[in-house]
Amino acid sequence: MKETDFFQQVYQVVREIPSGRVTTYGAIASCLGSKQSSRMVGWAMNKAHQQNPSVPAHRVVNRNGQLTGKHHFETPFIMQQLLELEGVVVKNDCIQKFESIFWDPAKELIL
DNA sequence: ACTTTGACTATAA
DNA sequence: GTTATAGCCAAAG
């Protein structure tokens, strides 16, 4: 596979997300240059579980701060559990103070 | 090559 | 608060 693959770029960004921080699909897509392709980020995450090393997809949520992708994990509550373990407050599948812990790859990530 | 799909986002009603 | 619709684009069937 080429390192320039869209998926690989997504994985690279997601793996750079610091612990206790989260980002959105749109932010990742925007960082890759196509902010409209937020769906592709999610689609990439669909393959993420078979990637090596594993991608911390639990740090990626939708722009509403909601854990929309939790059903794609082994169990629907793993995602919230991992986030809480990193200090992220999650309630009713929504990240509390989401904007405070939001990590923008376009600004925080330095290539 | 064509159609469907998808862990999204924005807008509208 | 909800549902509906459209735009978006690459992978999968």
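Side chains included, hydrogens not; waters and symmetry mates left out as well; all remaining heavy atoms used. Chain A is the first sequence line, chain B the second, and so forth, proteins listed ahead of strands; every chain is numbered from 1.
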Partners meeting side-chain contact (heavy atoms from CB on, under 4.5 Å) with A:Ile95 (sequence neighbours left out):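 Partners of A:Ile95 under the side-chain contact (heavy atoms from CB on, under 4.5 Å) test: A:Val22, A:Val61, A:Leu67, A:Leu83, A:Val88, A:Val90, A:Phe98, A:Ile101.
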
Which residues pass the side-chain contact (heavy atoms from CB on, under 4.5 Å) test with A:Ala27, not counting sequence neighbours?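 With neighbours one apart ignored, the set is A:Thr23, A:Thr24, A:Phe102, A:Asp104, A:Pro105.
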
If each of A:Gln50 and A:Ser37 is mapped to the nucleotide of DNA chain C with the nearest heavy atom, which maps nearer the 5' terminus, i.e. the 5' end?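 The 5'-side residue here is A:Ser37.
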
Return the residues of residues 63-86 of chain A meeting this criterion: a heavy atom under 4.0 Å from some atom of DNA chain B. Order them by number, or give none.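 DNA chain B contact set from residues 63-86 of chain A: A:Arg63, A:Thr68, A:Gly69, A:His72, A:Phe73.
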
Donor-acceptor contact below 3.5 Å, side chain A:Tyr11 vs main chain A:Asn52: no

Salt bridge (charged side-chain N to carboxylate O under 4.0 Å, His left out) partners of A:Glu16, counting only residues at least two apart: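 Checked A:Glu16 against salt bridge (charged side-chain N to carboxylate O under 4.0 Å, His left out); zero matches.
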
Can you name the salt bridge (charged side-chain N to carboxylate O under 4.0 Å, His left out) partners of A:Asp93, sequence neighbours left out? A:Lys70

Tell me what [X] touches on the nucleic acid: a base, only sugar-phosphate, or nothing, going by heavy atoms under 4.0 Å.
{"X": "A:Tyr25", "answer": "base"}
{"X": "A:Ala57", "answer": "base"}
{"X": "A:Asn46", "answer": "base"}

Show every donor-acceptor pair shorter than 3.5 Å between a side-chain atom in residues 75-82 of chain A and any protein atom, with sequence neighbours excluded, or say none if there are none.
unit_1	atom_1	unit_2	atom_2	d
A:Gln80	NE2	A:Glu84	OE2	3.3

Roughly, in whole Å, what's the span from CE in A:Met40 to P in B:dT5?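 For the pair A:Met40 CE and B:dT5 P, the rounded distance is 14 Å.
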
Min side-chain heavy-atom separation A:Arg15-A:Pro53 under 4.5 Å: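 Yes, close enough: below the 4.5 Å cut-off.
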
Would you list the pairs meeting salt bridge (Lys or Arg N to Asp or Glu O under 4.0 Å) in which at least one residue belongs to residues 41-65 of chain A, sequence neighbours left out? A:Arg59-A:Glu86

DNA chain C: 5'-most and 3'-most nucleotides touching chain A, 4.0 angstrom heavy-atom criterion: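 Both ends considered, the range comes out as C:dG7 to C:dA12.
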
